[in-house]
There are 2 protein chains.
Amino acid sequence: MMQLNLDDPRVKRTRRGLREAFVRLILKTGYDAISIQDIATEAQAARITFYRHYRDKEELLTDCLNVLYEELAARTEKASPQRILEGYSPVRVLYEHIEEEETLYRILFSSRGTQTVIERMRHHLAVTALATMEQSGRKPQGEIPLEIIAYHVASAQIGLAIWWLDQNKPYPADYMARISLWLTLTGLSETMGVTDFKPPPPSITS
Amino acid sequence: MMQLNLDDPRVKRTRRGLREAFVRLILKTGYDAISIQDIATEAQAARITFYRHYRDKEELLTDCLNVLYEELAARTEKASPQRILEGYSPVRVLYEHIEEEETLYRILFSSRGTQTVIERMRHHLAVTALATMEQSGRKPQGEIPLEIIAYHVASAQIGLAIWWLDQNKPYPADYMARISLWLTLTGLSETMGVTDFKPPPPSITS
DNA sequence: GGACTTGTGATACACTTTGTATCTATGTGA
DNA sequence: TCACATAGATACAAAGTGTATCACAAGTCC
């Protein structure tokens, strides 16, 4: 592909048009059903123009979603340790960003193919955790919905396992399983021996 | 598509052939590069045979990976609350299963398109968490690698956010952010008021 | 403003892939 | 062995892909 000058206003206009058209189409018909021609038509551009800018749909999608990563990364920078105390934790930044860019995040998170299986596994782990908690007959601090706790746990567990395999299993499976269980049970404060900072148990009102 | 008798040995043979051929090809060239013809050829079948069994690649992929979910779900059933004490936690089952079916899990977890962006976000959150922990100057219990803790936290946080959006935001973002932080810090034991059971801090030797 | 450069649009083409139809052959179970 | 369900071979229309060429329009620079 010949190099285009990304500062040229025509290039910027065209690319933005393609990105926006793509997002509209994904929301309307879903990723897989879209052809290059569809994107070009929706963006009121020639099909060949698409190929001048992107190799395929995948590349355009990445271009669309990269802004999310960059924005999030930039904002998270500012969430320094001290400011966590004031409520500026990276988690909060994440949630705020999702609210702002909800459309793009929906596309990002919308399960494509493989994802559905992971999703079902996570759901299963969550349901299992939920059952265990309900059987214990205890009530959570601050009336936190058990469902949330269950998905927190399941996400951490599946996610860590994915990381582990991705890293080519740098530790024994058995060791990982024990750590995973330990971390979900005791949390960071205990693990890191932090006693000075603890947020209040969250409630939906305060 | 006309219904096929899944008990017919010819059908079973054909489907297994297609599944196995597909897995081989994915590992060799990656999902996207594979055409239906490729799969049929690799499975030594006619292309039309593919269409008799699956609507498209996606459906075949799902068929390939469903066994993972079903196996995992079946095994997790057996991990009752009492047996967690003996080490039969759902997490352990997950890790063992991954070790057994490593090839399939690799395919399942291999990032397709959208996933890479989520992956980068998760990585960023992990790095942020890592930096915070390092700045604190504390050592974790039992010498747990900080990297693992970081990815545990990041996975839980991203995962819970995905769930939240998926459920159409049943709680305010602010509330979710506070819960997410609370859970990662304090863990299940404290949240659920469980004091009677705590596994020992994991070490790589024991 | 005028000349030059660069990006876009229109058209065309070869090629691949898809999804279906039709007919024949072969394996399966009663 | 016979009826039937499934697989293979071949063909075809339709859609999509990726590239080439040329004319035109929009930006840039003096």
Side-chain angles (χ1 to χ4, degrees), chain A residues 1-64 66-67 107 112-114 116, chain B residues 1-64 66 107 112-114:
Chain A
M1 187 199 317
M2 108 186 68
Q3 280 303 3
L4 299 182
N5 176 13
L6 296 181
D7 291 330
D8 190 311
R10 289 171 295 179
V11 172
K12 286 200 265 190
R13 201 186 313 136
T14 303
R15 290 174 85 105
R16 194 158 53 80
L18 289 172
R19 282 198 304 267
E20 292 175 2
F22 195 35
V23 169
R24 280 196 299 276
L25 289 177
I26 291 180
L27 291 173
K28 196 165 64 181
T29 64
Y31 179 88
D32 287 310
I34 301 169
S35 73
I36 311 290
Q37 180 66 70
D38 294 336
I39 301 170
T41 306
E42 175 75 23
Q44 291 178 306
R47 189 167 63 92
I48 195 180
T49 300
F50 176 94
Y51 290 108
R52 289 200 181 101
H53 293 273
Y54 303 101
R55 200 154 40 77
D56 49 25
K57 267 199 299 182
E58 207 65 48
E59 198 174 296
L60 174 55
L61 182 66
T62 308
D63 193 32
C64 290
N66 268 346
V67 300
I107 292 175
R112 303 217 290 109
T114 324
T116 55
Chain B
M1 187 197 319
M2 108 186 66
Q3 279 303 3
L4 299 183
N5 176 12
L6 295 181
D7 292 329
D8 190 311
R10 289 171 295 179
V11 173
K12 286 200 265 189
R13 201 185 315 135
T14 303
R15 290 175 84 104
R16 195 157 52 80
L18 288 172
R19 282 198 303 267
E20 291 175 3
F22 194 35
V23 168
R24 280 197 298 277
L25 289 177
I26 291 181
L27 290 173
K28 196 164 63 181
T29 64
Y31 180 89
D32 287 310
I34 301 169
S35 73
I36 311 291
Q37 180 66 72
D38 294 336
I39 301 170
T41 307
E42 174 76 22
Q44 292 178 306
R47 189 167 63 90
I48 194 179
T49 301
F50 176 93
Y51 289 108
R52 288 200 181 100
H53 293 271
Y54 304 100
R55 199 155 40 76
D56 49 27
K57 267 198 299 182
E58 207 66 47
E59 197 173 297
L60 174 55
L61 181 66
T62 308
D63 192 32
C64 289
N66 267 346
I107 291 174
R112 302 217 293 106
T114 325

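Remember, predicted model here, so these are calculated numbers, not experimental data. Chain A is the first sequence line, chain B the second, and so forth, proteins listed ahead of strands; every chain is numbered from 1.
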Item checked: Rounded distance in Å - CD1 (B/I48) to C1' (C/dC23) -> 11 Å
Note to self: Side chain of A/S35 only, heavy atoms from C-beta on: which candidate in D/dG8, D/dA7, D/dG16 is closest?
What the structure shows: D/dG16
Next item on the list: Return the value, rounded to whole Å, for the distance between atom OH of A/Y54 and atom P of D/dG18.
Entry: 16 Å
Next item on the list: Examine D/dG27: is either OP1 or OP2 under 4.0 Å from a nitrogen or oxygen in the side chain of A/R13? Give yes or no.
Entry: yes
Next item on the list: Looking only at side-chain atoms of B/P9, point me to the closest of D/dT17, C/dT28, D/dA9.
Entry: C/dT28
Check: Between A/A40 and A/R47, which heavy-atom pair has the shortest distance, and what is it?
Finding: CB-CA, 3.7 Å
Note to self: I need the CG-P distance between A/N5 and C/dT5, as an integer number of Å.
What the structure shows: 15 Å
Notebook entry, point to check: How many angstroms lie between atom CG of B/L4 and atom CZ of B/R15, to the nearest 0.5 angstrom?
Noted result: 7.0 Å
Next item on the list: Indicate, yes or no, whether a donor-acceptor pair under 3.5 Å links the base of D/dG18 to the side chain of A/R47.
Entry: yes
Check: Relative to the 5' end of DNA chain C, which residue comes earlier, A/T14 or B/D38, by the nucleotide with the nearest heavy atom?
Finding: A/T14
Note to self: Walk me through whether A/D32 and B/D56 qualify under side chain to side chain contact (heavy atoms under 4.5 Å, CB included).
What the structure shows: CA-CA 11 Å; A/D32 287 310; B/D56 49 27; over 6 Å; no
Item checked: d(CD, B/Q37; P, D/dG8) in whole Å -> 12 Å
Next item on the list: Under the salt bridge (Lys or Arg N to Asp or Glu O under 4.0 Å) rule, collect the residues that match up with A/R16, sequence neighbours excluded.
Entry: A/E20
Item checked: Comparing A/R10 and A/K57 on DNA chain D - which has the more 5′ nearest nucleotide -> A/K57
Next item on the list: Take the protein atom CG of A/D7 and the nucleotide atom P of D/dC29, then report the distance between them rounded to whole Å.
Entry: 11 Å
Notebook entry, point to check: Can you tell me how far P of C/dG7 sits from CZ of A/R15, to the nearest Å?
Noted result: 11 Å
Next item on the list: By nearest nucleotide on DNA chain D, pick out whichever of B/D8 and A/D56 is the more 5' one.
Entry: B/D8
Margin query: Less than 4.0 angstrom between a side-chain N/O of B/H53 and OP1 or OP2 of D/dT6, yes or no?
Written below: no
Next item on the list: Taking only the side-chain heavy atoms of B/Y51 (C-beta and beyond), determine which of C/dT20, C/dG7, D/dT6 contains the nearest atom.
Entry: C/dT20
Check: Atom OG1 of A/T29 and atom CG of A/D38: how far apart are they, to the nearest 0.5 Å?
Finding: 7.0 Å
Next item on the list: Measure from CD on B/E59 to P on C/dG19 and round the result to the nearest Å.
Entry: 11 Å
Next item on the list: Kindly say if B/T49 contacts the phosphate of D/dG8, meaning a side-chain N or O under 4.0 Å from OP1 or OP2.
Entry: yes
Checklist line | Between P of D/dG16 and CZ of A/F50, the distance in whole Å | finding: 14 Å
